[in-house]
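Below is one structure, written out as structure tokens, with a few remarks after it.
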Amino acid sequence: MKVAILTIDGINFGNKLQNYATQFFIGKLGIKSNTLLYRRTSIKSLTIGKLYPITFYIKLALVPFLHRLYKSFAFVGFRRNINFRTLVYNTENSWKRVSKKYDYIVVGSDQVWNTEFFPYLDYFLPYVEPSKRIAFSCSVGIDHIKENLKDDVAKNLKLFSKISVREETGADVVEQLIGSRPIVLLDPTLLLDASDWMKIEKRPFYIKNNSKKYVLTYFLGNKPDNFDSLIQTIKNKYDLLLIDISDHINDKTKNIGPAEFIYLVHNATLILTDSFHGSVFSFLFDKPFYVFDRIDNCSNMNSRLVTLFDKLKLIGRYSLDMNIDNLLEHDYSQSYKLLETERVASINFLEDAFNLDK
């Protein structure tokens, strides 16, 4: 059996880690999978004889490479953990060739169905044979699909052989479009044990083995107004250093990739974050953590965290519940029992989707 994974290829910790996790988890079922090298623009699709501005060619070929190079060499290194194969472009012919090559195309997880980020149909697999379309823990991320895409999205969703999503809000969106409610599964990163993640973690060069204990902060949006004073209080009370890896904010933390991110969460004393995957890995490594509302211009994307906390009964992990006097107290024992039940649901979904004998 040949399986391809279609997901977002971005410079983001969670993006790369969920890609790795999906591949790893499918592998545990005895199936080898590859991640498609998906590109929105094909040189072959350019109009023959038409002269394009030089800036177009720079954007097409050079900018993505330089962007990845500048952001972090560590991301490039981590890509070796993922089986990237088969280049595919957003053209009907290109997708039909790929569809013939693989038995199944698995799209997910990440926010592949967030039409604020991707206002087109590519991640709904419009050119793939219906029997080969599988949506694995796909995230809509927000509570709607762009109005101008609703009809086409609904038409394509109805052609998927199996659909699962990552949050209850996403299930609401799909149900409104096609009339049936998909199953809500965990993010793939939660399907691996902490020991699995430890095998690929990597200590950042500036962290020594005997380094002082630290509080790790990782924010995708802006920090609250009173955050600096809060951090200072925490540092003084618990005698912690501060390591902030929010958006690679300085030269020292610039070369932080997914493997280094795992290490830093694994070895932190406390994690403060507005990130979904920051929360996920804190939980997996049995670390005290608190999640803050994300402050930025993006539409509200807290549905993923709400679903996660509800499914696993993670109580008292929101910043509003913080008590400085017992910040490090936590007990996830009940949540880990629920996690095992949810993992079985993911196994059952994929076995059914791939028509495996149980």
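A135 and F349 make their closest contact through O-CZ, 3.4 Å (heavy atoms, listed as atom of the first residue, atom of the second, distance). The two residues F219 and S246 make their nearest non-hydrogen contact at N-OG, 2.8 Å. Residues V165 and G170 approach most closely at CG2-C, 4.2 Å, considering heavy atoms. For the residue pair G278 and F261, the shortest heavy atom distance occurs at CA-CZ, 4.1 Å. Nearest heavy atoms, V173 versus I145: CG1-CG1, 3.5 Å.
Taking the ring centroids of Y318 and F292, they lie at or beyond the 6.0 Å cut-off.
For the atom pair L220 CG and F13 CZ, the distance stands at 9.0 Å (nearest 0.5 Å). Rounded to the nearest 0.5 angstrom, L327 CG and Y238 OH are separated by 4.5 Å. Note that CG of D352 and CD1 of I347 are 13.5 Å apart. Values are rounded to the nearest 0.5 Å. With values rounded to the nearest 0.5 angstrom, N83 atom CG is found 11.0 Å from T86 atom OG1. In this structure, F136 CZ and T22 OG1 are separated by 6.0 Å, a value rounded to the nearest 0.5 Å. Rounding to the nearest 0.5 angstrom, the gap separating the CZ atom in R294 from the CG atom in L305 is 10.0 Å.
Annotation: cation-pi pair K16/F78 absent, no NZ/CZ under 6.0 Å from the ring centroid and within 45° of its normal. In this structure, R317 forms a cation-pi arrangement with Y290, its terminal cationic atom sitting closer than 6.0 Å to the ring centre and no more than 45° off the ring axis. Judged by a 6.0 Å distance limit and a 45° cone about the ring axis, R79 is positioned over the six-membered ring of F84.
The shortest distance between side-chain heavy atoms of I231 and L242 falls below 4.5 Å. Proximity of F124 to L159: side-chain heavy atoms (C-beta onward) are nowhere separated by under 4.5 Å. Contact check for L240 versus Y214: no side-chain heavy atoms found under the 4.5 Å cut-off. In this structure the side chain of I134 reaches within 4.5 angstrom of the side chain of S161, judged on heavy atoms. Side-chain contact check for L216 versus L272: every heavy-atom pair is 4.5 Å or farther apart. When side chains are defined from C-beta on, H266 counts as touching M198, because their heavy atoms get closer than 4.5 Å. Using a 4.5 Å cut-off on side-chain heavy atoms (C-beta onward), L308 and F276 make contact. Contact of the T217 side chain with the F227 side chain is registered, since non-hydrogen atoms from C-beta on lie closer than 4.5 Å.
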Under the side chain to side chain donor-acceptor pair (under 3.5 Å) criterion, do S180 and E175 qualify, and how do the steps go?
CA-CA 5 Å; S180 60; E175 185 176 22; over 6 Å; no
- Message: side-chain contact (heavy atoms from CB on, under 4.5 Å) for F283 and S335? Distances and angles first, verdict last.
- Response: CA-CA 9 Å; F283 166 68; S335 298; 3.6 Å; yes
- I would like to know whether I262 and I200 meet side-chain contact (heavy atoms from CB on, under 4.5 Å); could you show each step before the answer? CA-CA 8 Å; I262 295 171; I200 61 169; 4.1 Å; yes
Requested in this report: Would you please test V215 and I271 for side-chain contact (heavy atoms from CB on, under 4.5 Å) and show each step?
Outcome: CA-CA 6 Å; V215 52; I271 297 96; over 6 Å; no
#### Entry: Y123/F118 under ring pair (Phe, Tyr, Trp, His ring centres under 6.0 Å): CA gap, chis, key distance, verdict
CA-CA 8 Å; Y123 291 103; F118 309 106; 5.2 Å; yes
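Taking a 6.0 Å sphere around NZ of K337, one finds it holds 12 or fewer heavy atoms contributed by other residues, nucleotides or ligands. Summarising the local packing, CG of D151 is surrounded by 12 or fewer heavy atoms from other residues, nucleotides or ligands at distances under 6.0 Å. Within a 6.0 Å radius of CG in D225, other residues, nucleotides and ligands contribute 12 heavy atoms or fewer.
Note on Y332 and I315: separate hydrophobic clusters, where clusters join Ile, Leu, Val, Met, Phe, Trp and Tyr whose side-chain heavy atoms are under 4.5 Å apart, directly or indirectly. Under the 4.5 Å side-chain heavy-atom criterion for grouping Ile, Leu, Val, Met, Phe, Trp and Tyr, L320 is not connected to M322 through any hydrophobic cluster. Both L328 and I234 are members of a single hydrophobic cluster when ILVMFWY side chains are connected at heavy-atom separations under 4.5 Å. Tracing side-chain contacts under 4.5 Å through hydrophobic residues (I, L, V, M, F, W, Y), one never reaches I26 starting from V344; they form parts of separate clusters.
When only modelled atom types and interatomic distance are considered, S139 and E167 share a side-chain donor-acceptor pair under 3.5 Å. Using a 3.5 Å distance cut-off with no hydrogens or angles, the side chains of E116 and H144 do pair a donor with an acceptor. Side chains of S333 and D331: a donor-acceptor N/O pair is present below 3.5 angstrom, by distance only. Counting only N and O atoms by type, the side chains of D172 and Q176 include no donor and acceptor under 3.5 Å apart.
Under a 4.0 Å N-O distance rule, the pair K132/D103 does not qualify as a salt bridge. Salt bridge status for R304 with E168: absent, with no side-chain N to carboxylate O gap under 4.0 Å. Under 4.0 Å is where a charged nitrogen must lie from a carboxylate oxygen, and between K311 and E342 at least one such pair does. Ion pairing between a basic and an acidic side chain is recognised when a charged N comes within 4.0 Å of a carboxylate O; E129 and R133 show no such pairing.
Put simply, the side chain of S94 gets close to the backbone of Y89: a donor and an acceptor are under 3.5 Å apart. Using modelled atom types, no side-chain atom of N348 and backbone atom of A345 make a donor-acceptor pair closer than 3.5 Å. A donor-acceptor pair is defined here as one N or O able to donate and one able to accept, closer than 3.5 Å; no such pair exists between the side chain of T169 and the backbone of D143. Judged purely by atom type and a 3.5 angstrom limit, Q23 uses its side chain to pair as donor or acceptor with the backbone of N81. Counting only distance, with no hydrogens or angles, the side chain of D310 and the backbone of V306 share no donor-acceptor pair below 3.5 Å. E329 places no side-chain N or O within donor-acceptor distance of the main-chain N or O of N326, the cut-off being under 3.5 Å. Side chain of N12 to backbone of N15: a donor-acceptor contact under 3.5 angstrom is found. The main-chain N or O of S109 is never found under 3.5 Å from a side-chain atom of S137 such that the two would form a donor-acceptor pair. Distance alone, capped at 3.5 Å, is enough to place a donor-acceptor pair between the T233 side chain and the S229 backbone. At least one donor-acceptor pair closer than 3.5 Å links the side chain of N267 to the backbone N or O of Y263.
No option in D228, D244, D274 other than D244 meets the salt bridge (Lys or Arg N to Asp or Glu O under 4.0 Å) test with K223.
Listed by first then second residue, pairs satisfying ring-ring contact (aromatic ring centres under 6.0 Å, His included) with a partner in residues 158-202 read Y20-W197, W113-F160, W197-F281, not counting sequence neighbours. For residues 183-192, the pairs satisfying salt bridge (Lys or Arg N to Asp or Glu O under 4.0 Å) are R166-D187, with sequence neighbours left out.
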